[in-house]
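A short worksheet on the structure shown next.
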Amino acid sequence: MTSDMTEHALGGDPLRSGFENPGDYGFETRAIRAGQPHDPRTGAVITPINLSTTFAQDAVGEPKYGYEYARTGNPTRHAYQECLASLEGATHGFAFASGLAAEDALLRLVQPGERILLGDDAYGGTFRLISRVHGEIGVDHEAVDLTDSDAIRAAWTPETRMIWLETPTNPLLTVFDIELMADVAHKLGGIVVVDNTFATPYLQQPLSLGADAVVHSATKYLGGHSDVVGGFIATSDDRIAEHLGFVQNAVGAVPGPFDCYLVLRGLKTLAVRMDRHCTNAAAVVSCLLDHPRVSTVLYPGLDGHPGHEVAARQMSNYGGMVSFRLVGGREAAEKLATSTEIFTLAESLGAVESLIEHPGVMTHASAAGSALEVPDDLIRISVGIESIDDLVNDLERALATT
Ligand SMILES: *Cc1c(COP(=O)(O)O)cnc(C)c1O
């Protein structure tokens, strides 16, 4: 059943596929149509939220349309998986109940006694999952500077199976060279996984740069409206896909049909939202660069950013996430985070509304004391799609209080 579902990830069955050849269409068209056929019985244009947990069979063990039980496969999830796989240029897509559940499924490729190399900056929850959950059952890991291929070769041992990289990183916006990492890992006999949450497939397509799998927190830009928690993995590697299909079904950390619908709906506007996130972020960055209370601005679009050249090569724009450090240290950072009005003080990112947070105390508290600890004068903002003047005025007014 699972292999049947994955074989049909972009399949030709007109009842289940929105397109015969999704690859023939542009990104925005696929975001709206791939995997989403008009309902053959009613003509409904929108993929229904299909709540059925079980599906009628024609004969014993012969489901009518390939669905038998909803943990294994559900039509709403199927549409979402086809659509997002298509956007990542992948032949297989797997939806999970959260970004971390998706990451866990991928990390299960690495056995106890084997080893993972990860960047020295990453989402705090990823670090916690690798070090505390997989670490506790005997999977070894080391945080390395992934901008330095010699450091990776030096850290590589015969037990190393995977390079886990996030780019741009959360929260320091460090950029890693996906093509270079894939080349190094493949020569050493390992695989590369890219967390593409910050860039989204609209700005960066890691599989086309040689990555073996792409993982997402769909909770962020893909859903885009702060109303759904979800995770996703895209891959064109049949061996990895077989593993993921098995884990998705055998562990069962699957999203419900309504969650699948929400992300599928979010994907339709991903391109236009990302365009606005990028232009708003660029305007916010210019305001911060000129500000006397700001000591450093971290944004891959800046000429002076150490990863700018790589970002310009592998991304089509620089995204909506901006981090910066304040002249007045931790106290000023905390003051700023509580003084904005349009930027809401909250965790998470990637939705239409602007958010501000203090990573050291909030999202990245679990990295304290580790190689991934972040500076305490750091502020991270997720620039939303509100009126840009309101965003700049809000930040300027709040910075004046620090
Ligand atoms: C939020 C986030 C995750 C975790 O995803 P959840 O949906 O919260 O489980 C992983 N990676 C990055 C970069 C994130 O921002």
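For ligands, and for the atoms within them, numbers begin at 1 and follow the listed sequence.
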Discussion item. Can you confirm whether E353 is buried at CD, in the sense that more than 12 heavy atoms of other residues, nucleotides or ligands lie under 6.0 Å from that atom?
Written reply: yes

Item to complete: Might you confirm whether atom CZ of R293 has over 12 heavy atoms from other residues, nucleotides or ligands at distances under 6.0 Å?
Response: yes

Before signing off on this row, confirm whether [X] and ligand 1 have an N or O atom pair separated by under 3.5 Å.
| X | value |
| --- | --- |
| T126 | no |
| A218 | no |
| E166 | no |

Fill in: Verdict with reasoning, T147 to D145, per side chain to side chain donor-acceptor pair (under 3.5 Å)
CA-CA 5 Å; T147 58; D145 176 3; 2.5 Å; yes

Discussion item. Tell me the contacting part of L100 for ligand 1: side chain, backbone, both, or neither, using a 4.0 Å heavy-atom threshold, strictly below.
Written reply: both

Practice prompt. On the 0 to 90° scale, with breaks at 30° and 60°, tag the Y67-F55 ring pair as parallel, tilted or perpendicular.
Written response: tilted

Among all protein heavy atoms, pick the one closest to [atom] and tell me residue, atom and distance.
| atom | answer |
| --- | --- |
| atom 4 (C) of ligand 1 | Y123 CE2, 3.4 Å |
| atom 13 (C) of ligand 1 | D195 OD2, 3.4 Å |
| atom 14 (C) of ligand 1 | K220 NZ, 3.0 Å |

Fill in: Cationic N near anionic O, under 4.0 Å, E114 to R161
yes

